[in-house]
Colleague: 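Below is the structure I would like to discuss, written out as structure tokens.
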Amino acid sequence: MKRIAVFCGSSIGYNSIYVNAAKELGNYFAKHNIGLVYGGGKIGLMGTIADTLIENNGEVIGVIPHLLRHKEVVHTTITKMIVTKKMSKRKVKISKLADGYIALAGGFGTLDEIFEALTLGQLSIESKPIGLLNTNRYFDHILLQLDVMVKEGFLKQNNRDMLLVSDNIEELITKMKNYKAPEMSKVVNTVASK
Ligand code: AMP
């Protein structure tokens with residue numbers, strides 16, 4: 001994986017464990033020559049991971065929609081900033097640049113981005129690995145909800161399994177490297193061929 005898109009909070013949270021995880025991931029990327037693609041902000045965990053990579057001479061590409069190009073939040077010292085017209089165009093651009101996705105702790109924005117990546121995977125529009133860094137078991141309740149969705153028949157187990165989870169960076173990246181996308185389900189195939 002040459003570049004990974006990271007989705008994470010525009011806040012830093014109340015516990016320093018999340019900032020430390022973002023720094024650790026930034027250091028890991030720099031050490032292993034993995035470029036960062038992200039939302040282009042200088043605030044929150046987004047800013048933390050971008051700063052860590054810049055300090056270590058890593059590659060950082062920000063993709064920001066025009067709407068968010070606000071002086072106070074936009075990062076100004078990264079390798080490259082791409083400005084898109086709309087939020088939807090930004091997602092397409094991020095996906096073109098990245099070989100996989102990782103989510104760290106975050107809010108609505110982070111969940112929106114990671115679930116969109118999962119939805120594209122579910123429809124076989126993309127087959128990139130999607131990882132969740134479950135620092136401090138932050139995502140445990142979301143993971144439980146996914147199991148409810150499988151149990152109640154709204155999510156297929158093999159699609160549930162697309163989401164790779166670990167609280168350890170090395171282990172998460174190994175899972176991502178070994179990832180094989182699930183076969184497209186028969187239902188989707190039938191609909192698509194009509
Ligand atoms: P949230 O998790 O709600 O804090 O939102 C963070 C995610 O949404 C990031 O991964 C970004 O891609 C996007 N995002 C939210 N706020 C900003 C911002 N001010 N600048 C750039 N991207 C943002």
Side-chain angles (χ1 to χ4, degrees), residues 1 3-26 28-29 34-54 58-121 126 128-143 145-146 162-165 167 169 172-173 176:
M1 285 180 290
R3 287 188 191 127
I4 295 179
V6 174
F7 308 132
C8 58
S10 53
S11 310
I12 56 168
Y14 295 136
N15 188 332
S16 58
I17 199 167
Y18 302 112
V19 166
N20 291 339
K23 282 185 186 165
E24 206 191 320
L25 189 63
Y28 183 95
F29 279 15
I34 299 171
L36 168 72
V37 183
Y38 85 120
K42 69 173 181 185
I43 50 172
L45 298 186
M46 305 169 76
T48 306
I49 187 167
D51 288 342
T52 307
L53 264 153
I54 293 161
E59 182 194 45
V60 179
I61 303 178
V63 187
I64 198 151
H66 205 263
L67 188 84
L68 286 179
R69 214 170 183 275
H70 197 278
K71 271 203 180 102
E72 284 131 69
V73 294
V74 80
H75 209 301
T76 50
T77 58
I78 58 177
T79 319
K80 190 173 175 185
M81 182 70 83
I82 298 168
V83 182
T84 63
K85 274 194 186 150
K86 290 183 189 163
M87 199 73 177
S88 53
K89 290 239 160 67
R90 167 216 233 174
K91 288 179 175 172
V92 174
K93 192 74 200 168
I94 288 181
S95 132
K96 278 196 178 140
L97 289 167
D99 306 310
Y101 306 98
I102 293 180
L104 309 185
F108 280 159
T110 302
L111 292 186
D112 169 64
E113 289 167 320
I114 203 75
F115 279 111
E116 168 148 7
L118 285 166
T119 308
L120 293 175
E126 285 194 351
K128 295 171 190 175
I130 303 165
L132 198 64
L133 189 63
N134 197 17
T135 304
N136 197 31
R137 308 184 69 172
Y138 179 74
F139 289 110
D140 273 8
H141 294 89
I142 299 245
L143 295 170
Q145 177 61 31
L146 298 187
M162 285 190 307
L163 185 59
L164 310 169
V165 186
D167 62 0
I169 292 170
L172 187 65
I173 300 276
M176 291 174 73

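Read the numbers this way: they start at 1 and go in the same order the structure lists the ligands and their atoms. Residue indices begin at 1 and follow the sequence shown. What you see is a predicted model; the values in this text were computed from it and never measured. Hydrogens, waters and symmetry mates are skipped; everything else that's a heavy atom, side chains included, is used.
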Colleague: Looking at ligand 1, is there an atom of it that comes within less than 4.0 Å of some heavy atom belonging to Gly40?
Modeller: no

Colleague: Is the shortest distance from a heavy atom of Cys8 to ligand 1 less than 4.0 Å?
Modeller: yes

Colleague: State, yes or no, whether a side-chain contact exists between Val19 and Leu45 at a heavy-atom distance under 4.5 Å.
Modeller: yes

Colleague: Provide, to 0.1 Å, the distance between atom 3 (O) of ligand 1 and the closest protein heavy atom, together with that atom's residue and name.
Modeller: Gly109 N, 2.8 Å

Colleague: What distance do Leu104 atom CG and Leu132 atom CG have between them, rounded to the nearest 0.5 Å?
Modeller: 9.0 Å

Colleague: Does any N/O atom on Gly107 come nearer than 3.5 Å to any N/O atom on ligand 1?
Modeller: yes

Colleague: Counting non-hydrogen protein atoms only, what is the nearest one to atom 12 (O) of ligand 1? Give residue, atom name and distance.
Modeller: Glu113 OE2, 2.6 Å

Colleague: Suppose I only count heavy atoms of Ser10 and a 4.0 Å limit; which atoms of ligand 1 are within that range?
Modeller: 1 (P), 4 (O), 5 (O), 6 (C), 16 (N)

Colleague: Taking N or O atoms only and a 3.5 Å limit, does Phe7 qualify as a polar contact for ligand 1?
Modeller: no

Colleague: Taking Ala117's backbone N and O only, do any of them form a donor-acceptor pair with Lys128's side chain (distance below 3.5 Å, no angle check)?
Modeller: no

Colleague: Identify, for atom 18 (C) of ligand 1, the protein heavy atom at the shortest distance, and state residue, atom and that distance.
Modeller: Leu68 CD1, 3.9 Å

Colleague: Once rounded to the nearest 0.5 Å, what's the spacing between atom CG of Leu36 and atom CD1 of Ile78?
Modeller: 8.0 Å

Colleague: Could you find the nearest protein heavy atom to atom 21 (C) of ligand 1 and give me its residue, atom name and distance?
Modeller: Gly39 O, 3.3 Å

Colleague: Measure Ile43 to ligand 1 on non-hydrogen atoms and call it side chain, backbone, both or neither using the 4.0 Å cut-off.
Modeller: side chain

Colleague: With only distance considered, is Ser11 within less than 3.5 Å of ligand 1 through an N or O on each side?
Modeller: no

Colleague: How far is atom 11 (C) of ligand 1 from its nearest protein heavy atom, and which residue and atom is that?
Modeller: Met46 CE, 3.4 Å

Colleague: Which residue holds the protein heavy atom closest to atom 22 (N) of ligand 1, what is that atom called, and what is the gap in Å?
Modeller: Arg90 NH2, 3.0 Å

Colleague: Among Glu113, Glu126, Glu116, which residue satisfies the side chain to side chain donor-acceptor pair (under 3.5 Å) criterion with Tyr101?
Modeller: Glu126

Colleague: Could you check Asn134, Thr135, Asp140 and say which one makes a side chain to side chain donor-acceptor pair (under 3.5 Å) with Arg137?
Modeller: Asp140

Colleague: So does Gly106 get a backbone contact from the side chain of Tyr18, meaning a donor-acceptor N/O pair under 3.5 Å?
Modeller: no

